[in-house]
Amino acid sequence: MPVSLCGTWDMVSNVNFEEFMIALGIGLYTRKIALKLKLRKVIEQVGDRYVVKTISTFRNYTFSFRVNEEFQEFTKGLDDRHCKSLVDWEGNKLMCIQKGEKKNRGWRHWIEDDKLHLELHCEDQICKQVFKRVI
Ligand code: VL7
């Protein structure tokens with residue numbers, strides 16, 4: 001059983017976020033606002049259902065899934081696209097494939113050195129975010 005990702009986490013670093021947003025087709029004005037945000041991640045698990053909230057002063061994004069069960073995702077307030085998404089464990093990493101208009105889209109979450117790591121990828125761009133636990 002992999003280590004739990006559950007909890008409240010605050011962003012401490014965000015590498016290549018702008019290029020990742022460009023790959024998603026996010027406009028300049030929104031990118032400039034988004035780049036300044038310190039994102040908070042709240043991950044909860046109820047039974048076999050996860051709820052992941054990404055919270056900021058600008059926009060919030062919440063979605064929910066069961067591991068290894070494909071679902072329709074609408075990335076409302078992000079790039080506003082529909083994806084067929086599938087989340088599964090890959091060793092100690094929780095990984096998601098987001099099938100849709102954008103090639104090679106998805107993310108991976110894992111714990112390393114008591115930090116929550118997130119790698120977001122789209123086309124040829126990888127954004128790397130690290131979060132520390134909020135007590
Ligand atoms: C979500 C989204 C940027 C548009 C608003 C600024 C960001 C945040 O999806 C994400 O994480 C996964 C795994 O935890 C859960 O889906 C990351 C942040 C990056 C791309 C798009 C900029 C608009 C607001 C809610």
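The first residue of the sequence shown is numbered 1, and numbering continues consecutively from there. In each ligand, atom 1 is the first atom listed, and ligand 1 is the first ligand listed.
Under 4.0 Å is where a charged nitrogen must lie from a carboxylate oxygen, and between E44 and R49 no such pair does.
Set against the non-hydrogen atoms of Y61, the atoms of ligand 1 under 4.0 Å away are 16 (O), 25 (C). Each of the atoms 20 (C) of ligand 1 lies under 4.0 Å from some heavy atom of F20. Each of the following atoms of ligand 1 lies closer than 4.0 Å to a heavy atom of V52: 14 (O). Near T54, meaning under 4.0 Å from any of its heavy atoms, are these atoms of ligand 1: 8 (C), 25 (C).
For atom 9 (O) of ligand 1, the closest non-hydrogen atom of the protein is L78 CD1, 4.1 Å. Shortest contact from atom 25 (C) of ligand 1 to any protein heavy atom: R59 O, 3.4 Å. Shortest contact from atom 4 (C) of ligand 1 to any protein heavy atom: I26 CD1, 3.5 Å. Of the protein's non-hydrogen atoms, F17 CE1, 3.7 Å is the one closest to atom 19 (C) of ligand 1. In terms of protein heavy atoms, atom 13 (C) of ligand 1 is closest to H109 NE2, 3.4 Å. Closest protein heavy atom to atom 18 (C) of ligand 1: L39 CD1, 4.1 Å. Nearest to atom 6 (C) of ligand 1 among the protein's heavy atoms is A34 CB, 3.5 Å. Closest to atom 16 (O) of ligand 1 among all protein heavy atoms lies F63 CE2, 3.1 Å.
Counting heavy atoms only, K41 comes closest to atom 17 (C) of ligand 1 of the residues K41, R108, Q129.
For the pair K41 and W9, the cation-pi criterion (under 6.0 Å, within 45° of the ring axis) is not fulfilled.
Looking only at side-chain heavy atoms (C-beta outward), L94 and W110 stay at 4.5 Å or farther from each other. Using a 4.5 Å heavy-atom cutoff, the side chains of L116 and L5 are in contact. By the 4.5 Å heavy-atom criterion applied to side chains, Q98 and W107 are counted as neighbours. No side-chain heavy atom of V67 sits less than 4.5 Å from a side-chain heavy atom of D48.
Remark: L86 CG is packed, more than 12 non-hydrogen atoms of other residues, nucleotides or ligands lying under 6.0 Å away.
Within the structure, ligand 1 has G77 among the residues with a heavy atom less than 4.0 angstrom away.
Looking only at distances, no side-chain donor or acceptor of R105 sits under 3.5 Å from a matching main-chain atom of H121. When atom types are taken as modelled, the side chain of T75 and the backbone of L78 share no donor-acceptor pair closer than 3.5 angstrom.
Residue I55 does not touch ligand 1, judged by heavy-atom distances below 4.0 Å.
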Per-pair distances, 0.1 Å, donor-acceptor, side chain in residues 128-135, under 3.5 Å, sequence neighbours excluded:
unit_1	atom_1	unit_2	atom_2	d
K128	NZ	H117	ND1	3.2
Q129	NE2	N14	OD1	3.2
R133	NH1	C6	O	3.1

